[in-house]
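Data block below; observations after.
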Amino acid sequence: MKYDFDTVHNRKRSDAYKWAVGEGELPMWVADMDFKTAPEILSAMEERLNHGIFGYGDVPPEWYNAYIKWWGERHDLDIKKSELTFSTGVIPSLSSLVRKLTEPGEKVVIQTPVYNIFYNSINNNGRVVVENELLYKDGYYGVSFPDLEEKLSDPDTSLLIISNPHNPVGKIWDRDTLAEIGRLAWKYGVTVISDEIHCDIVEPGKAYTPFAAASDINRSISVSLFSPTKAFNLAGLQTSAVYVYDDALRRKVRRALNTDEVAEPNSFAVVSAVAAFNYGGEWLKQLNEYISENKRTFEMVVMDGGVSGIRFVPQDATYLMWLDIRSFLDKRKIPWKQEDLSGVLLNEFFRHQNTKSAGIAEKIREITGLYVLDGAGYGRAGSGFLRINAACPKSIIIDGAKRLRSGLKELSLK
């Protein structure tokens, strides 16, 4: 069966956060897809809907089995039922765990540029953000281990949050990198939370390694956050899982999730996840092929426009594109460097662009109506980059690429 990813659906009529934009504007910013989820999932949800009774739900064995099978067969991670806990989402889990696994005023390390809500989950809970900036050279990212060790060795550091695969740079961390991160965290008594929500959106032929699968140390010191929501476009259903191998750590995690009341499913959270993992494999395969082609098309259209000074960072995973436009800005003497944002609520940054960054994304939006994200919102290391969502029909990809090209051309003439 060949699945349809070409149809354009009108999401403005669905109260979609992504599409709350002005007339004529094209949103390619927030990380959700403009595709309908897999028909197999819709069928399972329709059957549940037709039952017509939506009382309090439980987590049945089928939910555990679906996660265990998917991660075992696809990602070579052996999970036991007792090691999984249902949660309403990766971010609710993350915020709960920051509160439970650290004390106010303690430091939490993140690897930047990184998903902006990591900052919020730390700052909003009275903890201190510490940035381990990723190394970036010749278009590729890596971990600065000397800097990471220095940050983890601080007695006030109690937690490290990683993004695996990494949002926004699209990097799949290899087993050796993950194992070294785990070794350093274990050496200094630091717990690791690994956000793995993007793990199933990968380039054809690529595969991610779960943090907990990289070594025995990793498994014993970590909390892994899983969810089908990114891969199958189910974010609005609030469904995820928390995996913890170590018994003592798991008790703390479950106490956190239950205290914050984020461990109970709604009527569609279980059936959608079960259907995704049991029946969505072929749909996901075709989706990844489609997104990969979208990225190539977008780059080709933009680069054919003759705009110099931009680089598309090679992607292993996620449906996001990460564009390095620092040379473009430098050549035109457009300022883009900014102050450290570790104390700023990054969601407010996205809304107001109130730093020394050039706000290049805002300028492109004003000129063309294309809404993309300024990389500065992901921390100082993201300044001079743009993040663009490629999970949309081909016609939108081409439209967005043409708009970006024309916006950059107009800016280059100023």
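For this chain, numbers begin at 1 and follow the sequence in order.
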message: Using side-chain contact (heavy atoms from CB on, under 4.5 Å), reason through Trp283 and Phe5 one step at a time and then give a plain yes or no.
response: CA-CA 10 Å; Trp283 182 90; Phe5 300 107; 3.6 Å; yes
Exercise for review: Could you check Ser96 against Val262 for side-chain contact (heavy atoms from CB on, under 4.5 Å), going step by step and ending with a plain yes or no?
Suggested key: CA-CA 9 Å; Ser96 291; Val262 294; 4.0 Å; yes
Start with the C-alpha distance between Leu184 and Leu148, add both sets of side-chain angles, then the distance that settles side-chain contact (heavy atoms from CB on, under 4.5 Å), and finish with yes or no. CA-CA 8 Å; Leu184 291 175; Leu148 178 61; 4.2 Å; yes
Given Arg250 and Asp247, is the salt bridge (charged side-chain N to carboxylate O under 4.0 Å, His left out) satisfied, shown in steps? CA-CA 5 Å; Arg250 192 183 325 117; Asp247 290 339; 2.9 Å; yes
Report task. Could you check Lys295 against Glu299 for salt bridge (charged side-chain N to carboxylate O under 4.0 Å, His left out), going step by step and ending with a plain yes or no? Result -> CA-CA 6 Å; Lys295 290 180 177 180; Glu299 180 175 356; over 6 Å; no
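Contact record, Asn167 with Arg387: OD1-NH1, 3.1 Å, taken as the closest heavy-atom pair. Residues Leu320 and Ala31 share a closest heavy-atom pair of CD2-CB, 4.3 Å. The two residues Gly379 and Tyr119 have their closest heavy-atom pair at CA-OH, 3.1 Å.
Panel note: side chain Gln286, backbone Met1; a donor-acceptor pair is recorded below 3.5 Å. Remark: side-chain polar atoms of Asn294 are not paired, donor with acceptor, to backbone N or O of Ile397 under 3.5 angstrom. When atom types are taken as modelled, the side chain of Arg405 and the backbone of Val301 share a donor-acceptor pair closer than 3.5 angstrom. Proximity of a side-chain donor or acceptor of Asp246 to a complementary backbone N or O of Ile221 within less than 3.5 Å is not detected. For the pair Thr368 (side chain) and Arg365 (backbone), a donor-acceptor distance under 3.5 Å is absent.
Between Lys151 and Asp147 there is a salt bridge, since at least one side-chain N of the basic residue sits less than 4.0 Å from a carboxylate O of the acidic one. Using a 4.0 Å cut-off between charged nitrogen and carboxylate oxygen, Asp200 and Arg74 do not count as a salt-bridge pair. The pair Asp34-Lys18 meets the salt-bridge criterion, with a side-chain N (NZ, NE, NH1 or NH2) lying under 4.0 Å from an Asp/Glu carboxylate O.
Note on residues 177-190: pairs passing salt bridge (charged side-chain N to carboxylate O under 4.0 Å, His left out), not counting sequence neighbours, are Glu149-Lys187, Glu180-Arg183. Residue pairs meeting the ring pair (Phe, Tyr, Trp, His ring centres under 6.0 Å) criterion with at least one member in residues 175-222, sequence neighbours excluded, are His75-Tyr208.
Side-chain atoms of Pro113 and Val169, non-hydrogen and from C-beta on, do get closer than 4.5 Å to each other. Counting heavy atoms from C-beta outward, Val98 and Ile161 have side chains that approach closer than 4.5 Å. Under the 4.5 Å side-chain criterion, counting only non-hydrogen atoms from C-beta, Ile360 is in contact with Leu411. Contact of the Leu257 side chain with the Lys100 side chain is not registered, since no non-hydrogen atoms from C-beta on lie closer than 4.5 Å. Side chains of Phe328 and Leu408 form a contact here, defined as non-hydrogen atoms less than 4.5 Å apart. Residues Leu287 and Met33 form a side-chain contact, since some pair of their non-hydrogen atoms from C-beta on lies under 4.5 Å apart. You'll find the side chain of Leu386 reaches within 4.5 Å of the side chain of Leu404, heavy atoms only. In this structure the side chain of Tyr243 never reaches within 4.5 angstrom of the side chain of Pro210, judged on heavy atoms.
Tyr141 and Phe385 have tilted rings, their planes meeting at an angle from 30° to 60° on a 0 to 90° scale. Taking the six-membered ring where tryptophan is involved, the planes of Phe226 and Trp71 are essentially parallel, since the angle between them stays under 30° and well short of 60°.
A side chain to side chain contact (heavy atoms under 4.5 Å, CB included) with Phe312 is found for exactly one of Met303, Arg296, Met300, namely Met303.
Not less than 6.0 angstrom separates the ring centroid of Tyr371 from the ring centroid of Trp19. Two rings, from Phe35 and Tyr290, have their centers less than 6.0 Å apart.
In the model, Tyr17 has no side-chain atom that pairs as donor or acceptor with a side-chain atom of Asp32 under 3.5 Å.
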Show which side-chain atoms of residues 42-51 pair as donor or acceptor with protein atoms under 3.5 Å away, not counting sequence neighbours.
from  : atom 1 : to    : atom 2 : distance (Å)
Arg48 : NH1    : Ile53 : O      : 3.0
Arg48 : NH2    : Ile53 : O      : 2.9
Asn50 : ND2    : Glu46 : O      : 3.3

